[in-house]
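Chain A is the first sequence line, chain B the second, and so forth, proteins listed ahead of strands; every chain is numbered from 1.
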Number of protein chains: 4
Amino acid sequence: MPDQVKTGPADKRRAILDAAIRVFARQGYHSTRVADIADEAGVAYGLVYHYFRSKEAVMTELFTERWSLLLDASDSIYEQDIPAREKLAGIARFIIDSYRHDPELMKVIIVEVTRAANSFGATHLPEIRRAYDFVARIVADGQREGIYREEIDPDFVGMWFYGAIEQLLSGWVFGLIPATDEEFERAGDMVVETLCCGLERRDGA
Amino acid sequence: MPDQVKTGPADKRRAILDAAIRVFARQGYHSTRVADIADEAGVAYGLVYHYFRSKEAVMTELFTERWSLLLDASDSIYEQDIPAREKLAGIARFIIDSYRHDPELMKVIIVEVTRAANSFGATHLPEIRRAYDFVARIVADGQREGIYREEIDPDFVGMWFYGAIEQLLSGWVFGLIPATDEEFERAGDMVVETLCCGLERRDGA
Amino acid sequence: MPDQVKTGPADKRRAILDAAIRVFARQGYHSTRVADIADEAGVAYGLVYHYFRSKEAVMTELFTERWSLLLDASDSIYEQDIPAREKLAGIARFIIDSYRHDPELMKVIIVEVTRAANSFGATHLPEIRRAYDFVARIVADGQREGIYREEIDPDFVGMWFYGAIEQLLSGWVFGLIPATDEEFERAGDMVVETLCCGLERRDGA
Amino acid sequence: MPDQVKTGPADKRRAILDAAIRVFARQGYHSTRVADIADEAGVAYGLVYHYFRSKEAVMTELFTERWSLLLDASDSIYEQDIPAREKLAGIARFIIDSYRHDPELMKVIIVEVTRAANSFGATHLPEIRRAYDFVARIVADGQREGIYREEIDPDFVGMWFYGAIEQLLSGWVFGLIPATDEEFERAGDMVVETLCCGLERRDGA
DNA sequence: GATGAATGAGCGTTCATTCAT
DNA sequence: AATGAATGAACGCTCATTCAT
């Protein structure tokens with residue numbers, strides 16, 4: 001199948017996953033029929049069920065595949081010997097780059113999993129929390145080092161951080177804010193800069 | 001309740017709305033059958049359709065009812081002659097108080113509308129953006145007054161602000177972070193404090 | 001209610017019937033809700049059920065009211081001492097005049113009763129047949145007098161006659177054929193003339 | 001059946017259509033539930049929707065399937081080099097034979113489509129008119145040849161013709177007139193004979 | 001007589017999933 | 001592996017009818 005995008009020869013399983021990304025991104029999970037995925041993949045209806053136990057299993061695989069990359073990246077960033085602010089910026093950049101690289105998949109993950117607290121969000125809560133925790137740990141470390149204020153709850157910051165970045169991605173996804181290359185470059189740093197230094201001008205700056 | 005559209009003894013319409021809040025909060029919109037709402041309200045199935053055009057119309061009324069309170073509050077806060085940071089804190093506090101006062105309704109609004117970009121979120125985008133805009137305008141005013149840094153895009157801040165606060169509410173709703181009275185008191189100020197002053201300790205402070 | 005058409009003062013029952021004619025004509029019986037009738041009559045929902053046992057009862061009254069006029073007219077025409085052809089022409093003319101006088105009611109009767117063999121047609125079959133029978137009896141009389149051919153079954157002619165005329169009315173109702181005053185004048189005679197004398201030119205005529 | 005779209009062993013699609021004929025004939029379209037069709041076909045509920053978009057689509061297929069046969073037959077009869085009266089008789093006979101051969105299907109078509117001007121009749125008006133037109137054209141040709149009287153509007157005759165024949169079929173369907181083989185044989189000729197030559201005895205006959 | 005809120009059975013349609021081939 | 005026909009539970013919505021006032 002030479003016209004199959006980014007799949008090995010006859011890798012129908014991969015074709016189904018990739019098709020699912022496109023269809024979920026286009027229609028949303030709930031409005032996507034299993035038939036839509038099969039059609040988009042150019043594959044027989046039943047084959048989806050040959051490779052996946054259910055429609056939900058397809059979504060889960062998509063999420064897990066990507067989220068584990070984020071967790072791995074967070075972990076390796078966390079382990080690096082760099083300032084806390086660099087670490088936070090690294091995570092923000094990783095998320096935003098993920099979006100730039102594969103906006104459809106990230107749209108699906110943000111919209112259908114991370115922010116869908118009543119469906120997939122509930123199911124994958126533990127993995128989602130692990131991502132928040134990296135941020136919280138970075139902040140806690142910073143507090144121990146004395147560079148961050150102690151009255152701020154690190155867990156709050158973890159949520160704050162992801163809440164803000166996901167909202168940004170949502171804004172791009174739905175066209176609420178301009179999605180240019182330049183914006184992408186600045187956005188992550190801007191979030192981190194604001195989070196760390198605040199909105200207010202420093203005295204004498 | 002003089003500002004209520006229709007009220008009276010045995011106001012079944014209100015009973016249906018209140019029941020819908022409970023059921024939507026408990027099961028989520030998609031898992032809620034119209035029959036569940038009717039049962040919860042102790043009312044005949046068809047009466048839901050006597051008062052509302054569809055299940056979606058019930059949700060829409062719930063959202064609009066509450067969101068307009070937020071917009072009104074935002075407006076009156078915005079018009080006050082107080083420092084920008086007070087205004088932001090006022091909005092944050094209003095949202096959090098709304099949650100404390102009626103957590104089920106706020107859960108429904110956050111989870112099913114505000115963060116459900118593929119369903120109700122899309123439908124109510126204009127109203128949702130209006131809320132973000134108040135924050136953006138406060139920030140822009142602050143920039144004009146010279147107290148806020150100019151390199152930060154006010155629209156971005158509008159999104160972060162809501163992203164962060166909604167994530168906080170989500171955290172409470174789903175038990176990710178402790179939801180004590182004390183936390184509620186501090187949370188709004190903490191978000192605003194962090195947003196305005198940053199995480200880092202002020203030099204010499 | 002001075003703006004009520006052809007009703008005595010506050011004759012709500014009549015108003016409901018007249019409204020029903022308009023709504024049935026406009027939307028058809030099946031697509032008409034009881035609420036539509038009440039709205040059209042400017043009357044409360046429940047009042048329809050105060051005066052009529054059911055939606056069907058409204059239709060039945062409409063039909064019976066009019067059909068009995070046709071039966072009476074047929075009867076008096078039948079009793080007259082005029083040639084058979086005049087009698088047939090009289091009946092045809094009566095039907096067509098009924099349509100000219102009150103096209104909406106006749107539309108309802110033809111479309112929803114007379115030709116709706118699975119619903120009202122079945123219910124009112126006896127009355128409908130009585131109308132056919134007048135035609136059959138006229139033909140049978142004609143046969144006895146020797147002016148009509150004997151090999152034609154009078155009952156067949158009864159059906160033929162009504163089938164043809166109702167089709168004509170249907171044609172007018174649905175715009176298949178032009179519905180001008182002139183057409184109305186000629187149509188009845190044309191049917192009878194054709195029925196009696198045939199399409200073919202008489203030798204030497 | 002070489003002209004059948006899809007046929008084969010265990011043709012469930014065909015089974016559904018055949019079942020629909022029986023159930024529509026028995027209960028009428030409106031009183032038929034999709035479940036009735038599935039049950040009658042001995043097939044799962046959902047399979048009806050696998051093969052047909054809606055209940056209406058089933059009816060439409062039934063009608064189109066049969067009506068196109070009538071149009072084809074009318075066309076080939078029209079093209080033949082035979083007297084006008086033969087052509088009319090040919091069409092009448094075709095319709096009546098269709099009824100003899102498959103009374104249930106014809107009942108459905110006549111009762112639910114052809115004479116249901118407010119539902120299917122409206123939808124299929126163009127095809128229905130095409131049938132009337134063949135008759136009109138035969139009459140018009142006859143007028144041009146000088147054998148038919150010119151004061152009769154051919155379009156009117158098209159409607160009478162079908163009105164009369166359909167009424168006859170209705171009479172058989174609902175037992176208003178005897179439906180014996182002998183009657184069937186005579187009926188078509190009687191309609192045409194009456195239409196062409198009229199009821200009255202020819203002078204000197 | 002008049003109102004319109006209240007009832008609830010009924011039905012068309014969808015679609016995830018299973019299964020025979 | 002691959003196909004797509006077959007299954008049937010589930011659900012939103014309609015609307016004739018009833019009833020309390």
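Of all nucleotides present, only F:dA2 satisfies the Watson-Crick or G-U wobble test against E:dT21, with each distance under 3.5 Å.
Distance CD1 (A:I16) to C1' (F:dA1): 11 Å, rounded to an integer number of Å. When rounded to the nearest whole Å, the span between CD1 of C:I37 and C1' of F:dA16 equals 11 Å. E:dA16 atom P lies 12 Å from atom NE2 of B:H30, rounded to whole Å. Counting to the nearest Å, the C1' atom of F:dC11 and the CD atom of B:E56 are 16 Å from each other. Protein atom CZ of D:F52 is 12 Å distant from nucleotide atom P of F:dA6, rounded to whole Å. Between B:Y51 atom OH and F:dG12 atom C1' the separation is 20 Å, expressed in whole Å. Summarising the geometry, the separation between CG on A:D36 and P on E:dA16 is reported as 8 Å, rounded to the nearest angstrom. Distance, D:R14 CZ to F:dA5 P: 17 Å, rounded to whole Å.
A sub-4.0 Å separation between OP1 or OP2 of E:dT14 and a side-chain N or O of D:Y49 is absent. Taking side-chain N and O atoms only, B:H50 has a distance below 4.0 Å to OP1 or OP2 of E:dA5. Between A:R33 and E:dT14, a side-chain N or O to OP1/OP2 separation shorter than 4.0 Å is absent. Listed pair D:K12 / F:dA6 meets the phosphate criterion, a side-chain N or O lying under 4.0 Å from OP1 or OP2.
Checking A:T32 against D:Y29, the closest nucleotide of DNA chain E that is more toward the 5' end is the one next to D:Y29. Where B:R53 and C:S54 each meet DNA chain F at their nearest nucleotide, the meeting point lying more 5' is that of B:R53.
To the nearest 0.5 angstrom, D:L17 atom CG is 11.0 Å from D:R22 atom CZ. Residue D:D102 holds its CG atom at 7.0 Å from CD of D:E104, rounded to the nearest 0.5 Å. Note that the CD1 atom of A:I21 and the CD1 atom of A:I16 stand 12.5 Å from one another [nearest 0.5 Å]. Between the NE2 atom of A:H30 and the NE2 atom of B:H30 there is a distance of 4.5 Å, given to the nearest 0.5 Å.
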Given the rule in the salt bridge (Lys or Arg N to Asp or Glu O under 4.0 Å) test, do D:R14 and D:E65 qualify, once you have shown the distances and angles that lead to the verdict?
-> CA-CA 12 Å; D:R14 187 72 247 167; D:E65 211 175 50; 2.9 Å; yes

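Listed in residue order, the members of residues 38-47 of chain B having a heavy atom less than 4.0 Å from DNA chain E are B:V43, B:A44, B:Y45, B:G46, B:L47.
In this structure, B:K55 satisfies the cation-pi test against B:Y29, with its NZ or CZ atom closer than 6.0 Å to the six-membered ring centre and inside 45 degrees of the ring normal.
None of A:I109, A:V113, A:I128 except one satisfies the side chain to side chain contact (heavy atoms under 4.5 Å, CB included) rule with A:F120; the exception is A:V113.
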